[in-house]
Participant: 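Input: one structure, supplied below.
One-based numbering, in listed order, for ligands and for the atoms of each.
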Amino acid sequence: MEIVKSITLLDDVLNAFRKKGKTIGLVPTMGALHEGHAALVKRCVVENDIAAVSVFVNPTQFNNPEDLRLYPRTLDADCALLEKLGVDVVFAPDVDEMYPEPDTRVFDFGMLDKVMEGRFRPGHFNGVAQIVSKLFYAVKPDKAYFGEKDFQQLAIIREMVKQLQIPVEIIAVPIVREQSGLALSSRNMRLTPQQRETASEIFKTLEMSADLIEKQSVEDVKKFVVNRINNHDALSVEYFEIVDGETLQAIFDWTDSQYIVGCIAVFCGEVRLIDNIRYK
Ligand code: PAF
């Protein structure tokens, strides 16, 4: 496995493979890898001749400097895991390599980034689009893999690829959960064992809400979820929206869409967790 830090070197390594007609898959990550990332990487390894993984904590997508400072950085352990998983190339640039000068691009995603994460984390998706487009230009992957936990991010990346006409296939990989149901996230590392247990109530509640759809109104299901989670002292719901899975706009009646997803963000102490459930 090659670990490269510069775009020039990455280009050399990948061009050699491309000349031999090899297909390249990319898993973009911010490191602190867990089983959720491993699921993306395993698919990437199986579906491509060459599997590349980027590890880069992207400053432009953090709207909270403290969150950026506290984001776990575990490159050595990440590389050890990636080697075991059969990855060929790890791209681990530093900030100056990806941003030799400030990226002033402003994307227009219409209503896609005005709701949910976009509403509570202004500028976040613009930063995601900046870095993911730079990674796509650097790696030129045939396929790129993203987790469904970041449901809105997936929609934004698909839209960005369409707008910039980048020839890459975006593959969505299902959420990996702990046995308790808690969606795997690098942020879970910051939870105490007690908080981790309480945080599993998030998905338990989402699952319970799935039994209520079409029996109760959209509004009542939303109230059920928010109230049940907020009843736990350690948990505080930031938003819970029931949306059309493509436009990400709120629905008001179960007949409003054929593809409905519930998306949630919850603070567990200081740690912000997101999750989602497909209702239909
Ligand atoms: O999902 C993530 O880990 C990040 O948002 C991504 C896609 C690697 C961009 O920094």
Side-chain angles (χ1 to χ4, degrees), residues 5 7 10 25-41 43-44 51-65 67-75 77-79 81-82 87 89-99 103 105 107 109 112-113 116-118 120-139 141 143-161 164 166 168-176 183-190 248 263 265 271-276:
K5 296 200 169 262
I7 295 179
L10 178 73
L26 171 67
V27 182
T29 81
M30 297 207 297
L33 303 181
H34 49 66
E35 282 303 313
H37 296 106
L40 305 180
V41 172
R43 261 195 79 174
C44 180
V53 175
S54 61
V55 177
F56 179 68
V57 182
N58 173 39
T60 71
Q61 72 187 73
F62 285 82
N63 54 322
N64 176 348
D67 206 18
L68 171 61
R69 194 179 68 78
L70 291 175
Y71 204 85
R73 288 156 173 89
T74 57
L75 186 61
D78 292 344
C79 287
L81 173 68
L82 295 175
V87 167
V89 182
V90 176
F91 178 47
D94 62 21
V95 174
D96 289 342
E97 184 66 16
M98 294 316 286
Y99 297 102
D103 190 340
R105 289 176 299 161
F107 291 84
F109 294 120
L112 276 185
D113 66 346
M116 303 193 290
E117 292 299 286
F120 289 94
R121 303 179 70 190
H124 167 68
F125 287 122
N126 203 66
V128 169
Q130 287 176 342
I131 191 60
V132 175
S133 58
K134 279 171 178 273
L135 290 168
F136 285 173
Y137 293 139
V139 177
K143 292 183 180 166
Y145 297 77
F146 295 88
E148 281 180 342
K149 182 170 79 70
D150 296 293
F151 190 74
Q152 193 171 7
Q153 170 170 279
L154 249 167
I156 299 281
I157 288 167
R158 288 191 199 283
E159 177 62 22
M160 178 203 76
V161 160
L164 300 179
I166 302 178
V168 57
E169 189 185 341
I170 303 299
I171 314 274
V173 179
I175 298 177
V176 181
L184 292 192
S185 161
S186 307
R187 288 162 199 256
N188 294 357
M189 283 185 193
R190 290 168 52 199
L248 305 187
C263 298
V271 184
R272 189 173 182 280
L273 303 169
I274 60 172
D275 202 347
N276 63 74

Participant: With heavy atoms of Ile131 as the reference, note each atom of ligand 1 found under 4.0 Å away.
Facilitator: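 Here the atoms of ligand 1 in question are 9 (C), 10 (O).
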
Participant: Looking only at protein heavy atoms, which one is nearest to atom 3 (O) of ligand 1, and how far off is it?
Facilitator: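 It is Met30 CG, 3.7 Å.
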
Participant: Aromatic rings Phe107 and Phe109: how do their planes relate, parallel, tilted or perpendicular, breaks at 30° and 60°?
Facilitator: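 The arrangement is parallel - the two ring planes meet at less than 30°.
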
Participant: Are the side chain of Gln130 and the backbone N or O of Asp103 linked by a donor-acceptor pair below 3.5 Å?
Facilitator: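 Confirmed, Gln130 side chain pairs with Asp103 backbone.
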
Participant: Taking side-chain contact (heavy atoms from CB on, under 4.5 Å) as the criterion, tell me which of Leu40, Val41, Val53 meets it with Thr29.
Facilitator: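 Of the listed residues Leu40, Val41, Val53, the side-chain contact (heavy atoms from CB on, under 4.5 Å) partner of Thr29 is Val53.
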
Participant: Quick one: look at Ile157 and ligand 1, take heavy-atom pairs under 4.0 Å, and tell me if it's side chain, backbone, both or neither.
Facilitator: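 Contact part for Ile157 vs ligand 1: neither.
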
Participant: Students should be able to answer this: which protein heavy-atom is nearest to atom 10 (O) of ligand 1, and at what distance?
Facilitator: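 For atom 10 (O) of ligand 1, the nearest protein heavy atom is Gln61 OE1, 2.6 Å.
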
Participant: Quick one about Tyr99 and Asn58 (side-chain donor to acceptor, distance below 3.5 Å, no hydrogens or angles considered), yes or no?
Facilitator: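 Result is yes, a qualifying pair exists.
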
Participant: With the side chain counted from C-beta on, respond yes when Met98 and Phe91 share a heavy-atom pair under 4.5 Å apart, and no when they do not.
Facilitator: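 Met98 vs Phe91: side chains touch.
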
Participant: Considering only the protein, which heavy-atom contact is closest to atom 1 (O) of ligand 1, and what is its distance?
Facilitator: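 Among all protein heavy atoms, the one nearest atom 1 (O) of ligand 1 is Gln153 NE2, 2.9 Å.
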
